[in-house]
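The structure presented is a predicted model; accordingly, all values stated were derived computationally and were not measured. Whatever order the structure lists them in is the order used to number ligands and atoms, beginning at 1.
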Amino acid sequence: MNTYQNYIAGEWVNASSGATFENSNPANNETLGTFPLATREDTRRAIEAAKAALPQWSNLPAPARGVILDKAAQLIGARADELAAILTKEEGKTLTESKGEVLRARDIFRYYAGEGFRMGGDVLPGNFPDELLYTRREALGVIAIITPWNFPIAIPSWKIAPALAYGNTVVFKPASLVPETAKVLVEILIEAGLPPGVINFVTGSGREVGDELSGSPLVSGLTFTGSVGVGTGIYARAIKNLTRVQLEMGGKNPLVVLNDAKLDLAVALSVTGGFGLTGQACTATSRVIVEEGIADAYAEALAQAARKLVVGNGLESGVQMGPVVSDDQLKTDLDYIGIGKSEGAKLLVGGELVKPSNGGGKGYYVQPTVFDAVDSKMQIAQEEIFGPVIGIIRVKNFEEALEKANGIGFGLAAGVVTNDLNKAMRFANGIDAGVVKINEPTTGLALQAPFGGFKNSSANTFKEQGKSAIEFYTRTKTVYLKYG
Ligand code: NAP
Ligand code: MG
């Protein structure tokens with residue numbers, strides 16, 4: 001069995017208690033390795049190491065930091081196949097999905113390597129003669145990074161890359177279900193040339209490691225992606241130290257299908273958005289709101305497409321949907337399917353466990369599932385399931401579709417399928433969601449564009465990705481210089 005370590009102050013170390021936890025493969029329940037169950041004391045040591053490394057790293061010229069990020073991008077690219085296989089083994093998504101995610105991570109590092117040349121401030125007109133008035137972007141400080149399991153390399157990368165590019169040092173705590181992809185990413189950053197202490201890697205329980213990071217007065221910025229429950233607790237704790245906080249959380253994302261939509265496109269977008277990544281994306285389509293005139297044809301075509309999907313071990317070719325990530329998540333999915341039935345929604349397809357011939361019989365597989373006749377007040381229409389379950393909500397017209405799409409606590413992503421330009425634009429303007437997709441799946445993001453949710457999907461403080469990231473990861477200083 002492989003035994004892995006944490007990386008603190010430039011050294012690979014065990015937990016000071018010696019305790020470990022196991023990482024396993026959701027496709028067959030095999031153990032992949034053990035990782036340190038770090039203590040609060042270990043976490044504090046990591047934070048102190050990041051603090052100590054801050055002056056040197058933040059004073060390095062930004063283009064020189066970019067060189068290291070560029071090297072990291074190259075190393076991710078060179079190890080893409082290996083990384084994709086590790087990712088599939090610990091998280092479950094198909095190899096094709098994993099490879100796409102790894103290449104996304106490579107491109108994120110490329111993008112922020114370039115930011116080394118662009119990170120600048122503003123020059124403003126002064127109020128007096130012979131005065132230079134300008135702003136200077138500086139690193140915020142020590143950044144704590146807490147990530148979920150569903151994108152084991154893309155999400156850590158879209159937080160770590162800008163943090164480092166803008167001169168911050170980092171303590172990174174990955175989700176306990178996916179520590180190995182994270183460990184390889186850290187190895188790559190070290191090989192690329194990060195000085196000791198600039199990145200620290202601490203695995204262990206959210207309640208210990210994550211809680212210590214949230215409550216530390218030495219942490220200047222905390223960026224978290226995960227569930228609303230955990231995020232809210234982190235916010236309450238971090239605010240006591242006036243730590244800057246960014247939270248990106250759950251979704252219950254609608255795809256609106258209007259009468260004029262092309263049926264094939266509507267179905268393809270639903271399958272990609274709802275069943276791609278086994279439905280385990282924060283931007284996954286989980287509600288399809290369909291106008292009456294097309295609803296029967298749509299429901300039948302979606303059910304047919306769902307029946308055809310090949311479910312199995314994501315490492316095997318031909319498999320279109322991998323297992324869910326864990327036994328807990330499987331239980332959640334099945335519980336919600338039970339709730340949907342008892343609420344009176346009509347189960348069109350799926351709802352059962354899958355025993356794929358190629359899965360070894362021990363993995364966590366559930367069928368792609370579609371409910372029809374879902375009422376928007378039902379629990380399965382209001383709560384995030386985070387599995388391959390789509391609920392069809394039938395509506396009379398565009399206005400009712402928009403109202404139902406907005407009638408929820410979340411506001412992450414939303415889509416509409418139509419060729420009616422007027423309705424598409426009214427949807428884009430009227431929807432309460434941070435990401436709007438017109439004739440595209442609710443999932444999938446451009447790394448150069450700002451990303452973040454509205455309402456309970458986010459702390460609504462700072463956007464992630466693209467050039468927006470600089471706002472969270474830097475502080476702005478204003479300088480008045482009189483030279484007359
Ligand atoms: P989670 O249970 O909230 O965990 C997220 C991270 O927080 C993990 O690293 C976890 O550590 C840690 N954590 C747990 N308890 C903590 C505590 N008390 N204090 C500090 N940290 C703590 O979420 P998940 O199950 O990994 O991910 C699924 C959720 O993420 C879904 O709700 C999904 O919508 C959301 N998500 C959102 C986005 C977005 O960008 N909006 C993207 C992807 C996913 P352990 O793993 O050790 O428990
Ligand atoms: Mg795992």
Side-chain angles (χ1 to χ4, degrees), residues 21-23 26 35-38 40 43 90-91 93 101 104 144-159 171-179 181-182 201-216 219 222-238 243 245-253 277-286 324-326 328-333 383-387 409-413 433-435 442-445 447 450-465 469:
F21 66 95
E22 287 187 357
N23 182 21
F35 279 83
L37 197 62
R40 286 180 182 272
T43 311
E90 70 176 355
E91 199 270 350
K93 65 183 67 170
E101 186 182 332
R104 163 63 57 107
I145 295 180
I146 304 178
T147 52
W149 50 261
N150 66 330
F151 288 102
I153 192 163
I155 293 180
S157 296
W158 84 48
K159 296 178 187 295
V171 181
F172 167 36
K173 182 233 169 302
S176 297
L177 287 170
V178 293
T181 310
F201 173 64
V202 190
T203 56
S205 99
R207 284 210 191 85
E208 297 277 316
V209 176
D211 191 66
E212 193 62 37
L213 289 171
S214 313
S216 171
V219 169
L222 187 151
T223 175
F224 165 86
T225 299
S227 60
V228 177
V230 172
T232 310
I234 287 176
Y235 208 173
R237 206 155 141 62
T243 298
V245 177
Q246 177 180 57
L247 307 172
E248 288 305 329
M249 302 176 287
K252 187 72 190 172
N253 311 293
L277 307 157
T278 321
Q280 300 176 141
C282 53
T283 51
T285 301
S286 59
V324 304
V325 73
S326 65
D328 278 353
Q329 186 61 51
L330 184 66
K331 188 171 176 308
T332 302
D333 294 357
E383 294 172 15
E384 184 181 51
I385 301 172
F386 223 56
F410 293 111
L412 191 52
V435 175
T442 56
T443 50
L445 301 165
L447 65 93
F451 172 59
F454 292 168
K455 301 200 276 190
N456 293 341
S457 294
S458 172
N460 293 279
T461 49
F462 296 87
K463 293 286 183 188
E464 302 205 85
Q465 307 206 41

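For ligand 1, the atoms lying closer than 4.0 Å to a non-hydrogen atom of S205 are 47 (O). Interface of D211 with ligand 1, defined as ligand atoms under 4.0 Å from a residue heavy atom, comprises 19 (N), 20 (C). Of all atoms in ligand 1, listed by their number and element, those nearer than 4.0 Å to a heavy atom of N150 are 43 (C), 44 (C). Short contacts between ligand 1 and G210, defined as distances under 4.0 Å to a heavy atom of the residue, involve ligand atoms 19 (N), 20 (C), 21 (N). Per-residue contacts place T225 under 4.0 angstrom from the following atoms of ligand 1 (heavy atoms of the residue considered): 5 (C), 36 (N), 37 (C), 38 (C), 39 (C), 40 (O), 42 (C), 43 (C), 44 (C). Counting the atoms of ligand 1 from 1 in the order shown, those under 4.0 Å from a heavy atom of I234 are 19 (N), 20 (C), 21 (N). Ligand-side atoms of ligand 1 in range of I155: 42 (C), 43 (C), range being under 4.0 angstrom from any heavy atom. Within ligand 1, counting atoms from 1 as listed, the ones closer than 4.0 Å to a heavy atom of P174 are 9 (O).
Atom OG of S205 is separated from atom CZ of F21 by 9.0 Å, given to the nearest 0.5 angstrom. Considering CE of M249 and OG of S227, their distance stands at 8.5 Å, rounded to 0.5 Å. Note that CG of N150 and OG1 of T278 are 10.5 Å apart. Values are rounded to the nearest 0.5 Å. The OG1 atom of T147 lies 11.0 Å from the CD1 atom of I153; values are rounded to the nearest 0.5 Å. Between F224 atom CZ and L213 atom CG the span is 12.0 Å, to the nearest 0.5 Å. Note: L222 CG to K173 NZ = 12.0 Å, rounded to the nearest 0.5 Å.
Taking any N or O of S214, backbone or side chain, none lies under 3.5 Å from an N or O belonging to ligand 1. Considering backbone and side-chain N/O of E384, one or more are found under 3.5 Å from N/O of ligand 1. The shortest N or O to N or O distance between F451 and ligand 1 is not under 3.5 Å.
Scanning all protein heavy atoms for the shortest distance to atom 39 (C) of ligand 1 gives C282 SG, 3.2 Å. The shortest contact between atom 48 (O) of ligand 1 and any protein heavy atom is with G206 N, 4.1 Å. Distance from atom 1 (P) of ligand 1 to its nearest protein heavy atom, with residue and atom name: S227 OG, 3.6 Å. Nearest protein heavy-atom neighbour of atom 46 (O) of ligand 1: S176 N, 2.8 Å. Looking at atom 6 (C) of ligand 1, its nearest protein heavy atom turns out to be T147 O, 3.4 Å. What sits closest to atom 28 (C) of ligand 1 on the protein, heavy atoms only, is F386 CE2, 3.8 Å. When only non-hydrogen protein atoms are considered, atom 25 (O) of ligand 1 lies nearest to W149 NE1, 2.9 Å. What sits closest to atom 12 (C) of ligand 1 on the protein, heavy atoms only, is I146 CG2, 3.7 Å.
Each of T243, D211, T232 was compared with R237 under the side chain to side chain donor-acceptor pair (under 3.5 Å) criterion, and only D211 meets it.
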Salt bridge (Lys or Arg N to Asp or Glu O under 4.0 Å), that's the test. Do R40 and E208 meet it? Break it down for me.
CA-CA 6 Å; R40 286 180 182 272; E208 297 277 316; 3.6 Å; yes
Do T181 and E90 pass the side chain to side chain donor-acceptor pair (under 3.5 Å) test, and can you show the C-alpha distance, the side-chain angles, and the key distance before you say yes or no?
CA-CA 8 Å; T181 310; E90 70 176 355; 2.5 Å; yes
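The backbone N or O of G210 sits less than 3.5 Å from a side-chain atom of S214, completing a donor-acceptor pair. Side-chain N or O atoms of Q465 include none that pairs as donor or acceptor with a backbone N or O of P450 at under 3.5 Å.
Ligand 1 does not have L177 within reach: every non-hydrogen atom of the residue lies 4.0 Å or more from it. The shell of residues lying under 4.0 angstrom from ligand 1, judged by heavy atoms, excludes G231. The closest approach between G204 and ligand 1 falls below 4.0 Å for a heavy atom of the residue. Heavy-atom separations between G233 and ligand 1 are all 4.0 Å or longer.
Distance check on atom 4 (O) of ligand 1: every protein heavy atom falls at or beyond the 4.0 Å cut-off.
In summary, the side chains of T225 and E248 do not present any donor paired with an acceptor at a separation below 3.5 Å, with no hydrogens or angles considered. No hydrogens or angles considered: a donor-acceptor pair under 3.5 Å links the side chains of T285 and T442. Looking at T223 and Q246, their side chains do bring a donor and an acceptor atom within 3.5 Å of each other.
In this structure, K252 does not pair ionically with E383, as no charged nitrogen and carboxylate oxygen lie closer than 4.0 Å.
Counting heavy atoms closer than 4.0 Å to ligand 1, residue V209 contributes nothing at all. Neither the backbone nor the side chain of S458 has a heavy atom within less than 4.0 Å of ligand 1.
Closest non-hydrogen pair, P26 versus V325, comes out as CB-O, 3.2 Å.
Of the candidates P179, G453, A154, G226, G226 brings a heavy atom nearest to atom 29 (C) of ligand 1.
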